[in-house]
Amino acid sequence: RRGNFVRRVFINEWKRAININTVIAIIGVMFCICFDSWNDLISAIQSGNTVWCVYYFTSNSAFGGMCKKYILPVFAVLPFATSFCEERNSRAVAYIVSREGMRRYGTVKYIVNILISGLVVAFGTVLQILFLRMRFPMTNDYYATSVTDTADLFHKWLAVYSPVRYCMTEAALGFMRGMIWAGASMFASLYLTDRLVITIFSFFGSCVIVRISQMLSIDDKWRLDQILIGRTVVKDSGYTVMIAAIVSGVLVFLIGYAFTTKMVRGLKDGMFYESK
């Protein structure tokens with residue numbers, strides 16, 4: 001019976017998470033990757049030159065693209081990261097908690113949030129690759145002749161020899177990245193009550209992480225943010241995804257634990273029952 005109730009709560013939250021913002025977020029993820037090479041993309045479509053390929057646009061976005069690095073996380077958190085803020089501002093928290101329970105309320109909300117955001121990035125990434133594939137080949141002769149081993153940057157070896165696995169790798173990394181920023185933004189909503197600030201929190205967070213990493217001269221090979229945008233390959237693509245999954249899983253769990261604990265404490269103290 002308790003399991004049925006938890007399932008019902010999860011389904012209700014999931015239905016709330018699938019909204020117009022989810023569609024906008026998926027489209028935004030697709031265009032973020034394209035906008036990093038927008039002039040080249042338009043030129044390629046108009047010219048029909050076979051030198052262009054899908055891998056050029058995806059790797060170029062990972063190499064120095066501002067949109068994929070900074071703007072994409074904003075779209076990732078768009079569907080559900082502000083839900084607690086909205087319920088807090090509308091003073092609906094007390095009613096919902098009385099029905100679902102404090103810890104269940106926080107846990108289910110957090111899980112739905114990270115899952116929907118992860119799926120938004122993964123789905124948008126796959127759609128973007130398929131969209132480009134309708135017009136361009138996955139790779140060209142230049143990449144096929146320049147690939148050296150499985151540790152090549154931007155998963156070049158995988159793109160040349162296993163395009164399907166390359167697409168799955170990009171989707172998996174995007175899923176992890178979406179989960180992390182969605183979790184971080186929802187945690188920030190415990191302290192922030194403005195929806196816009198919570199939504200763009202991931203943008204500023206990305207900027208801070210990049211800046212701190214540069215100041216500390218951290219090797220790109222060990223930077224999770226570089227791994228998750230598809231820039232860095234550790235040993236090979238499969239090994240890279242495994243490392244990213246472990247680190248991201250631990251990080252998401254810690255953020256979720258901190259979020260749930262802080263929320264329960266705040267609900268017991270009554271600090272979340274009224275908007276500020």
Side-chain angles (χ1 to χ4, degrees), residues 2-14 16-17 73-74 76-89 92-122 172-195 197-206 208-209 212-213 222-225 227-228 241-273 276:
R2 182 179 180 182
N4 292 335
F5 178 73
V6 173
R7 191 181 303 111
R8 188 165 62 250
V9 172
F10 180 87
I11 293 174
N12 289 336
E13 290 290 330
W14 187 259
R16 290 189 56 220
V74 176
V77 307
L78 196 60
F80 205 59
T82 62
S83 61
F84 174 69
C85 168
E86 295 168 0
E87 290 166 3
R88 181 181 179 184
N89 291 340
V93 173
Y95 171 73
I96 299 174
V97 168
S98 67
R99 296 182 57 190
E100 300 180 4
M102 295 181 183
R103 186 163 296 277
R104 186 182 297 114
Y105 168 68
T107 301
V108 172
K109 182 171 291 295
Y110 180 81
I111 292 175
V112 170
N113 175 51
I114 61 174
L115 287 180
I116 191 66
S117 293
L119 289 173
V120 159
V121 181
L173 295 175
F175 180 82
M176 299 173 208
R177 192 166 178 232
M179 285 200 306
I180 291 173
W181 281 120
S185 296
M186 180 161 277
F187 180 79
S189 71
L190 295 174
Y191 304 93
L192 305 170
T193 56
D194 188 285
R195 290 180 56 193
V197 176
I198 296 169
T199 302
I200 64 175
F201 172 82
S202 56
F203 171 83
F204 293 111
S206 299
V208 170
I209 288 175
I212 291 176
S213 299
W222 306 111
R223 285 175 53 180
L224 183 62
D225 63 315
I227 292 175
L228 293 182
V241 171
M242 182 181 68
I243 292 176
I246 294 173
V247 177
S248 299
V250 171
L251 188 58
V252 167
F253 173 79
L254 292 176
I255 295 174
Y257 178 80
F259 170 77
T260 306
T261 302
K262 174 64 178 177
M263 172 181 278
V264 170
R265 186 180 300 119
L267 290 171
K268 289 180 178 179
D269 295 341
M271 64 180 293
F272 294 142
Y273 289 124
K276 294 183 180 180

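- Within the structure, salt bridge (charged side-chain N to carboxylate O under 4.0 Å, His left out) pairs that include any residue of residues 105-119 comprise Glu13-Lys109, Glu87-Lys109 (at least two apart or interchain).
- For the atom pair NZ (Lys262) and OH (Tyr191), the distance works out to 4.5 Å, reported to the nearest 0.5 Å.
- Here Asp225 contributes atom CG and Ser206 contributes atom OG; the two are 8.0 Å apart, rounded to the nearest 0.5 Å.
- Summarising the geometry, atom CG belonging to Asp194 is positioned 12.0 Å from atom OG belonging to Ser189; distances are rounded to the nearest 0.5 Å.
- Taking both residues in full, the closest heavy atoms of Ile198 and Cys85 are given as CD1-CB, 3.5 Å, listed atom of the first, atom of the second, then distance.
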Pairs of donor and acceptor atoms involving the side chains of residues 173-180, under 3.5 Å and at least two apart or interchain, shall be tabulated with distances.
from   : atom 1 : to    : atom 2 : distance (Å)
Arg177 : NH1    : Lys68 : O      : 2.7
Arg177 : NH2    : Lys68 : O      : 2.8
Arg177 : NH2    : Lys69 : O      : 2.7

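- Interatomic distance, Glu86 CD to Arg195 CZ, rounded to the nearest 0.5 Å: 4.0 Å.
- Partners of Phe84 according to the ring pair (Phe, Tyr, Trp, His ring centres under 6.0 Å) rule, which considers only residues two or more places apart in sequence or in another chain, are Phe272.
- Listed here is the closest heavy atom pair of Trp181 and Pro73: CD1-CB, 3.7 Å.
- Put simply, CZ on Arg8 and CD on Glu100 are 9.5 Å apart, with the number rounded to the nearest 0.5 Å.
- Closest non-hydrogen pair, Val197 versus Leu192, comes out as CG1-CD1, 3.7 Å.
- Residues satisfying the side-chain contact (heavy atoms from CB on, under 4.5 Å) criterion with Ile212, sequence neighbours excluded, are Val208, Leu216.
- At least one side-chain heavy atom of Tyr110 sits under 4.5 Å from a side-chain heavy atom of Val252.
- Between Ile96 atom CD1 and Arg104 atom CZ the span is 14.0 Å, to the nearest 0.5 Å.
- Leu78 places none of its side-chain heavy atoms less than 4.5 Å from the side chain of Val120.
- When every heavy atom of Ser83 is checked against every heavy atom of Arg16, the shortest pair comes out as CB-NH2, 4.1 Å.
- Remark: Trp14 pairs with Phe10, Ile18, Val112, Leu115, Ile116, Leu119 by the side-chain contact (heavy atoms from CB on, under 4.5 Å) rule, at least two apart or across chains.
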For residues 253-261, dump all side-chain donor-acceptor pairs below 3.5 Å to protein atoms at least two apart in sequence or in another chain.
from   : atom 1 : to     : atom 2 : distance (Å)
Thr260 : OG1    : Gly256 : O      : 2.9
Thr261 : OG1    : Tyr257 : O      : 2.7

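- Closest heavy-atom contact between Ala184 and Phe201: O-CE2, 3.8 Å.
- Taking each heavy atom of Leu228 and Ala244 in turn, the nearest pair found is CD2-CB, 3.9 Å.
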